[in-house]
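Here's the structure, in structure tokens; my notes come after.
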Amino acid sequence: MTGVRRLKLVVVGHGAAGLAAALAASEAARSAGLAIEVALLEKSREEEAGGNTRWSPSYMRLAATDRLAPGFEDDMQQASSGRADRSYFRTLADNATATVGWLQNRGVEFDTPVYYLSAGPPRIQPVGGGRAIVEKLSAAAKKAGVKILYQSALTRLVMAEGKRVVGVDIQSGDGATTTCEADAVILASGGFQGNPAMMRTHFRTLADTIKLISPGTRFNSGDGIRMALEHGASVSGDWNGMHIEPVDPRSSGSAPVVLVYPYGIVVDQEGRRFFDEGSGLVHETWEAFARDIHFARRGSITYAILDIRLFDIAGFERAIRSEVPPYRSATLEGLATQIGIPAGNLRETIDAFNAAATGDIALFDATRCDGLAASSDLRPPKSNWARPITQPPYLAYPLVGAIAYTFGGLATNERAEVLSGNGPIPGLYAAGETTGHFYGTAPNAVAVLRALVFGRIAGQAAVEFLQTR
């Protein structure tokens, strides 16, 4: 019938959540015989698009493509100290394998990676990492008729009587702003780690100077979060929480993590130890460690100190993504000079550590918490992997904290609807890092999985909503 306007769905963001939402919506509309125009807005240029996902290894917490890891929901509660929304994570668990199967049917292949060095929960990974997710879903979305608009930033949500979505304001690359009708909107534009003002507001001094972990991270500037809050959206997650990792500041690569620090010691710029390097597996300690580096250590930098036996650890390369070799010296004094810390202090620190590292080094096992602890008089303690540093040449990696994403975001339900104090906001959905739900520490290998699962749910739910219009 002439004169009838097609319904319009706008998806904001070109990462895992946004692409899954746009593609799922287009497929659901076609399956239901609905004429729905799906547009995806991306603020970056096409060659940069993909946000954090493009640069992420995209590990996922599954035992296999068709089987969830044991204890998945319990682990989510443990990571959040019991604050996680059980309904949200149950929905994630119930839809995880179906979503992976959906990805496989759209060309994404998976394998079972060897994760760094240490053991932990089972994981799968897309072949080609997050880049493969972005490329395969982007191609599928375009083929399905999704209109992708690059260099198009959301600047405002337009609401009718403050109660339902009716449009969006979009700023193009040339600075021009246009208002477009939208019958539903899905926000998948990431967290706010790329926004210095929001970082200062929700964290504290120095938060706006944290290194960003990838080139795509700078596009996550909290736009979707901020605009939804302006219209009464509720919040979720730990607004003082972030996923931050220790990286080599000399590297020019993306996410140049150095995760061998448990197998030696870490010193500050005074040459002193300041924490228990062996208190847990790397995915259990890296957030607190990297955050401490940035906020509590002078110059926001520390140094992992090891000896040549690092290279005897089978597969040690998997735990180092920096392309820059470590500082190396035949003497501790020479190493201290290279990294610019007091040689006498470093010698004193290592002598004290070595005197306490008296356990049987045959017990050393980098793949698990091996119980090889230093003697109880060492402060700070060393609970595992306490092998003396005595075999030259000695090695040092500089370490700084680099942020991947923030935890605070929008409150959503199991249908990915954005919630307000009065319930769901009609026509407004969100997925991925734009939503909250993480508290305390990030559950390992869940961020990309939940982006895909709830992106897909959001796309399907938005189509169901439009079907009632």
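All heavy atoms count here, side chains included; hydrogens, waters and symmetry mates do not.
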Hits for side chain to side chain contact (heavy atoms under 4.5 Å, CB included) against A442, two or more places apart or cross-chain, chain-then-number order -> H243, E287, Y405, F407, F438
Would you please say whether a donor-acceptor pair under 3.5 Å links the side chains of H437 and S80? no
Over-ring placement of R387 relative to F364, 6.0 Å and 45° cut-offs: yes
Taking T99 for the side chain and N95 for the main chain, is one N or O donor matched with an acceptor at less than 3.5 Å? yes
Count the heavy atoms belonging to other residues, nucleotides or ligands that lie under 6.0 Å from CD of Q78, then report whether that count exceeds 12. no
Donor-acceptor pair, Q125 side chain versus F110 backbone, under 3.5 Å? no
Please check: side-chain N/O of S138 versus main-chain N/O of E135, any donor-acceptor pairing under 3.5 Å? no
Quick one: does any side-chain atom of S322 pair with a main-chain N or O of S251 as donor and acceptor, under 3.5 Å? no
Could I get the full list of side chain to side chain donor-acceptor pair (under 3.5 Å) partners for D223, not counting sequence neighbours? K43, S221
Return yes if some donor-acceptor pair links the side-chain N/O of E42 with the main-chain N/O of H14 below 3.5 Å, else return no. yes
How close do Q467 and A32 get, heavy atom to heavy atom, and via which atoms? NE2-CB, 4.1 Å
Sort out for me which residue in W385, Y397, F316 forms a ring pair (Phe, Tyr, Trp, His ring centres under 6.0 Å) with Y263. W385
Pair D370 + R368, salt bridge at N-O below 4.0 Å: no
Going by the rule salt bridge (Lys or Arg N to Asp or Glu O under 4.0 Å), which residues pair with R200 if we only count those two or more places apart in sequence or in a different chain? D208
Any sub-3.5 Å donor-acceptor pair from R61's side-chain atoms to N444's backbone N or O? yes
May I ask you to check if R226 and F192 form a cation-pi contact, with NZ or CZ under 6.0 angstrom from the six-membered ring centre and within 45° of the axis? no
Between R218 and P215 (side chain of the first, backbone of the second, donor and acceptor by atom type, cut-off under 3.5 Å), is there such a pair? yes
What I want to check is whether the side chains of D85 and S87 have a donor and an acceptor closer together than 3.5 Å. no
Would you call K147 and E37 a salt bridge, taking side-chain N to carboxylate O under 4.0 Å as the test? no
Between E414 and R86, does at least one N-O distance fall below 4.0 Å, as a salt bridge requires? no
Please find the pair of heavy atoms, one from G278 and one from N384, that lie closest to each other, and give the distance. O-ND2, 2.8 Å
Centroid-centroid distance, F454 to Y88, less than 6.0 Å: yes
Under 3.5 Å, is there a donor-acceptor pair between the side chain of D292 and the main chain of A296? no
Quiz question: by atom type and distance under 3.5 Å, do the side chains of D169 and T155 form a donor-acceptor pair? no
Closer than 4.0 angstrom, basic N to acidic O: yes or no for E48 and R45? yes
Check L466 against A184 and note the closest heavy-atom contact, atom names and distance. CD2-CB, 4.0 Å
Name the one of I225, L154, T435 that satisfies side chain to side chain contact (heavy atoms under 4.5 Å, CB included) with L187? L154
Side-chain donor-acceptor pair under 3.5 Å between D276 and S383, yes or no? yes
